[in-house]
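Presented below is the structure to which this report refers.
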Amino acid sequence: MKAVQFHSVGGPEVLQYGEIYQPVPGPGQVRLRVAASAFNAADNGMRAGFLPIPIELPHIPGYDVSGTVDAIGEGVTGPAVGDAVIAFLPMERDGGAAESVIAPAESVVLAPTSIPLADAAALPSVALTAWQALFDAGELTAGQRVLIIGAGGVVGKYAIQLAERAGVHVIATASPRSIDAVRAAGADQVIDRTATDPLEAIDGQVDVLLNLAPIDPELFAAYVAKVRDGGRVVSTTAFMETPDDETRGVTAVTVFVLPNRERLAELVSLVDGGALTVEVTRRIPLAALQALHAEAAAGRTAGKTIILP
Ligand SMILES: NC(=O)c1ccc[n+]([C@@H]2O[C@H](COP(=O)([O-])OP(=O)(O)OC[C@H]3O[C@@H](n4cnc5c(N)ncnc54)[C@H](OP(=O)(O)O)[C@@H]3O)[C@@H](O)[C@H]2O)c1
């Protein structure tokens with residue numbers, strides 16, 4: 001089968017597109033005929049060797065995947081041959097930048113039926129990150145207020161939709177390129193961070209500050225004043241410290257997304273119920289993955305790209 005893999009960590013040039021043996025599912029595993037994998041910033045970090053994830057080499061990137069089950073291993077009782085599924089694959093194992101991928105049976109859930117199967121690869125780890133940031137790390141409940149910095153990005157638009165649906169009041173920062181999308185996602189107040197100082201524009205305090213952007217650490221610390229006593233600062237930008245304010249009981253939580261099959265199935269239901277929109281910005285062939293990693297390494301990727309085998 002065709003696949004992209006790397007034999008050593010390094011720059012985008014370590015990615016090799018070529019022919020490898022099709023994998024065979026072991027006990028408890030299924031094989032997917034890949035419809036698409038999705039690109040995440042962590043794919044770039046894993047290839048470069050920046051992330052402390054114990055991958056075995058050679059490694060195939062692409063832990064968010066959609067596809068059709070075409071073989072099942074011993075003892076698999078859930079998924080069946082022919083099922084259209086999505087998965088957030090274990091990050092240390094081979095991913096879906098290939099024509100076939102092996103998935104633990106317990107990682108796959110039935111794909112949404114209301115969107116193309118390939119596009120559904122854009123959902124798993126990103127929507128789970130938004131959910132876990134808002135409701136597990138942030139413990140947000142109906143009637144509370146959240147300020148989302150970097151709301152115009154991929155995680156941010158899922159976060160706005162999920163928060164609004166839960167009855168949480170959303171204040172979002174965005175730049176002109178994403179303001180319309182942030183409004184369309186349902187934010188109650190949108191602050192153009194390029195025209196207004198968000199610190200001035202926010203009325204009162206919020207229960208949770210959710211940061212999704214590579215902001216200046218001093219500015220991040222200044223935003224903490226906008227969190228009520230006993231509130232939370234949640235961040236997905238794990239490469240920088242999440243500030244707190246012990247004197248006021250404001251706690252800091254850095255999110256590291258975890259697979260969660262039941263939650264992923266709920267997110268699929270929301271997509272099919274029309275409550276959650278999956279956005280795909282770009283579709284590229286497998287052979288162009290090295291070029292995409294080069295864009296990411298240069299800080300030039302935006303939106304959600306899926307990779308078609
Ligand atoms: N820890 C985890 O488990 C985990 C999981 C998933 C993602 N992440 C990380 O979470 C972050 C968000 O992910 P994403 O996929 O949503 O990224 P993204 O699509 O790049 O979104 C980030 C958004 O931040 C905004 N932004 C950029 N510079 C800014 C600045 N100086 N001030 C304020 N806003 C700024 C941009 O929107 P505007 O220009 O429109 O404002 C951008 O769209 C990334 O760092 C990603 O690597 C972590």
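All values reported here derive from a predicted model rather than from experimental measurement. In listed order, ligands and their atoms are each counted from 1. Residue numbers start at 1 and run along the sequence shown.
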request  = Kindly say whether G150 contributes a backbone atom to a donor-acceptor pair with the side chain of T173 at under 3.5 angstrom?
outcome  = yes

ask   = Counting heavy atoms only, which of A213, G152, S178 is nearest atom 40 (O) of ligand 1?
value =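 The option holding the nearest heavy atom is S178.
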
key: Among A302, S175, P214, closest by any non-hydrogen atom to atom 38 (P) of ligand 1   = S175

query = Which ring pair (Phe, Tyr, Trp, His ring centres under 6.0 Å) pairs, counting each pair once, include a residue from residues 214-255, with sequence neighbours left out?
reply =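 For residues 214-255: none.
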
Any protein heavy atom nearer than 4.0 Å to atom 20 (O) of ligand 1 =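 Looking at atom 20 (O) of ligand 1, one finds that no protein heavy atom lies closer than 4.0 Å.
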
ask   = Considering all protein heavy atoms, does one lie under 4.0 Å from atom 46 (C) of ligand 1?
value =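 Within 4.0 Å: no protein heavy atom nearby.
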
query = Do any nitrogen or oxygen atoms of R177 come within less than 3.5 Å of a nitrogen or oxygen of ligand 1?
reply = yes

query = Under 3.5 Å between some N or O of ligand 1 and some N or O of I215?
reply = no

request  = Using side-chain hydrogen bond (donor to acceptor under 3.5 Å, both in side chains) as the criterion, point out the one residue from T281, N40, D64, D119 that pairs with K304.
outcome  =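 Only one of T281, N40, D64, D119 forms a side-chain hydrogen bond (donor to acceptor under 3.5 Å, both in side chains) with K304, namely N40.
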
request  = Inspect the surroundings of CD in E218 and state if more than 12 heavy atoms from other residues, nucleotides or ligands are less than 6.0 Å away.
outcome  =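 At most 12 heavy atoms, drawn from other residues, nucleotides or ligands, come within 6.0 Å of this atom.
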
query = What part of A41 sits under 4.0 Å from ligand 1 if we count only heavy atoms: the side chain, the backbone, both or neither?
reply = side chain

request  = Could you see which bit of T129 sits under 4.0 Å from ligand 1, with heavy atoms only: side chain, backbone, both or neither?
outcome  =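 Contact part for T129 vs ligand 1: side chain (C-beta onward).
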
request  = Would you kindly say whether T254 and T242 are connected by a side-chain donor-acceptor distance under 3.5 Å?
outcome  = yes

